[in-house]
Amino acid sequence: KSICNNVTPHLLCFDLSEHDAMRALVEELGVLFCKSKVQFTEALLFANAGGVGNVSEPIATQFDPKPLQKYFDLMLTSNVIISSWFISELRAVKKTIVFVSSLLAVQPCAGLSLYSAGKAGGHMLFRCIAEENPEIRVLVYSPGPLQTDMTNDILKNMCFKKTLEMFTHIKLLKSE
């Protein structure tokens, strides 16, 4: 049941580790918002793109720049591009940005170097966006450990026994 009749959510799914997909998303956003005859008064950007990266080997053995670039395109570049579009193209609209962060943005964890670096970068990106744009409500939210495909990847592929044990014994929140 809807609690608000005048809200229309739009879910857009793209592989944000790919530059062409980022461009396609920005084009789709332009069609949805800028060319629409609907007058928007508020817009919410929920930034929740992510992945854990390669957890099957330590960071000290990851020398191939291609998967690293693809990972940081997903975690950082896409957030910069989408947020920039959101801020610049929706000037007359009340804006809120929610970035789903993690405790691992500020706390190291063996085997999750890429994830921690990506979340730390996003965490600071959105804090800077808030500083540069005080009219925009920005929330950097860390919900705690969730049962997701990412945690399944950690449980299946984690190369550090200590981290695997931690994830095995931690109570994971179920996302619904």
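The basis for the numbers below is simple: all heavy atoms, side chains too, and nothing from hydrogens, waters or symmetry mates. Only a predicted model underlies this, so the values are computations on that prediction, with no experimental measurement involved.
Checking side-chain atoms of H169 against main-chain N and O of E165 turns up a donor-acceptor pair under 3.5 Å. No donor-acceptor pair closer than 3.5 Å links the side chain of S142 to the backbone N or O of G144. A distance-only check finds a donor-acceptor pair linking the side chain of Y71 to the backbone of G51 [under 3.5 Å]. Checking side-chain atoms of N133 against main-chain N and O of I129 turns up a donor-acceptor pair under 3.5 Å. Distance alone, capped at 3.5 Å, is enough to place a donor-acceptor pair between the K95 side chain and the L90 backbone. T151 places a side-chain N or O within 3.5 Å of a backbone atom of L146 that can act as its donor or acceptor partner. With S17 contributing its side chain and D73 its backbone, the two residues share no donor-acceptor pair below 3.5 Å.
Scored by the side chain to side chain donor-acceptor pair (under 3.5 Å) test, S56 finds N54 as partners (sequence neighbours excluded). Remark: D20 engages R23 in a salt bridge (Lys or Arg N to Asp or Glu O under 4.0 Å) (not counting sequence neighbours). Considering only residues two or more places apart in sequence or on other chains, E18 meets the salt bridge (Lys or Arg N to Asp or Glu O under 4.0 Å) condition with K70. Under the side chain to side chain donor-acceptor pair (under 3.5 Å) criterion, T61 pairs with E57, sequence neighbours left out.
Residue D149 places its CG atom among 12 or fewer non-hydrogen atoms of other residues, nucleotides or ligands, all under 6.0 Å distant.
The other residues sharing a hydrophobic cluster with L44 are F46, V98, V100, L139, Y141, where clustering joins ILVMFWY side chains under 4.5 Å apart. L103 belongs to a hydrophobic cluster whose remaining members, ordered by chain and number, are V106; membership requires side-chain heavy atoms of ILVMFWY residues under 4.5 Å apart, directly or through intermediates.
The CE atom of M158 sits 10.0 Å away from atom OG1 of T168, with the distance rounded to the nearest 0.5 Å. With values rounded to the nearest 0.5 angstrom, L29 atom CG is found 9.5 Å from F86 atom CZ. Rounding to the nearest 0.5 angstrom, the gap separating the OG atom in S83 from the CD1 atom in I97 is 5.0 Å. The line from CD of E131 to CE of M124 is 10.5 Å long, rounded to the nearest 0.5 Å. From W85, atom CH2 reaches atom CD of E27 across 12.0 Å, with rounding to the nearest 0.5 Å. In this structure, CD1 on I170 lies 11.0 Å from OG1 on T163, to the nearest 0.5 angstrom.
Looking only at side-chain heavy atoms (C-beta outward), C109 and M166 come within less than 4.5 Å of each other. For the pair P58/C159, a side-chain contact is recorded, criterion being any heavy-atom separation below 4.5 Å from C-beta on. I154 has its side chain within reach of L112: a pair of non-hydrogen atoms, C-beta onward, lies under 4.5 Å apart. Between L16 and L25, the closest side-chain pair of non-hydrogen atoms falls below 4.5 Å. Side-chain contact between E135 and K94 is absent, with no heavy-atom pair separated by less than 4.5 Å. Between V140 and H123 there is a side-chain heavy-atom pair separated by less than 4.5 Å. Between L12 and L32, some side-chain heavy-atom pair lies under the 4.5 Å cut-off. Using a 4.5 Å heavy-atom threshold, the side chains of F63 and L68 count as separate.
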Inset, instruction - Decide yes or no on side-chain contact (heavy atoms from CB on, under 4.5 Å) for F72 and T77, but give the supporting numbers first. - result: CA-CA 7 Å; F72 285 108; T77 306; 5.7 Å; no
Legend entry - Verdict with reasoning, V52 to L114, per side-chain contact (heavy atoms from CB on, under 4.5 Å): CA-CA 7 Å; V52 291; L114 296 176; over 6 Å; no
Inset, instruction - Take N152 and Q147 through the side-chain contact (heavy atoms from CB on, under 4.5 Å) test and state the conclusion after the steps. - result: CA-CA 7 Å; N152 293 338; Q147 178 61 53; 2.5 Å; yes
Inset, instruction - For L104 and K119, run side-chain contact (heavy atoms from CB on, under 4.5 Å): C-alpha distance rounded to whole Å, both residues' side-chain angles, the deciding distance at 0.1 Å, then the answer. - result: CA-CA 7 Å; L104 297 182; K119 285 297 183 179; 5.9 Å; no
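Across all their heavy atoms, A47 and N79 have their closest contact at CB-OD1, 3.6 Å. Between G122 and F99, the closest heavy-atom pair is C-CE2, 3.5 Å. Considering every non-hydrogen atom in both S101 and A105, the closest pair reads OG-CB, 3.7 Å. Smallest separation of non-hydrogen atoms from E28 and F14: CB-CZ, 4.2 Å.
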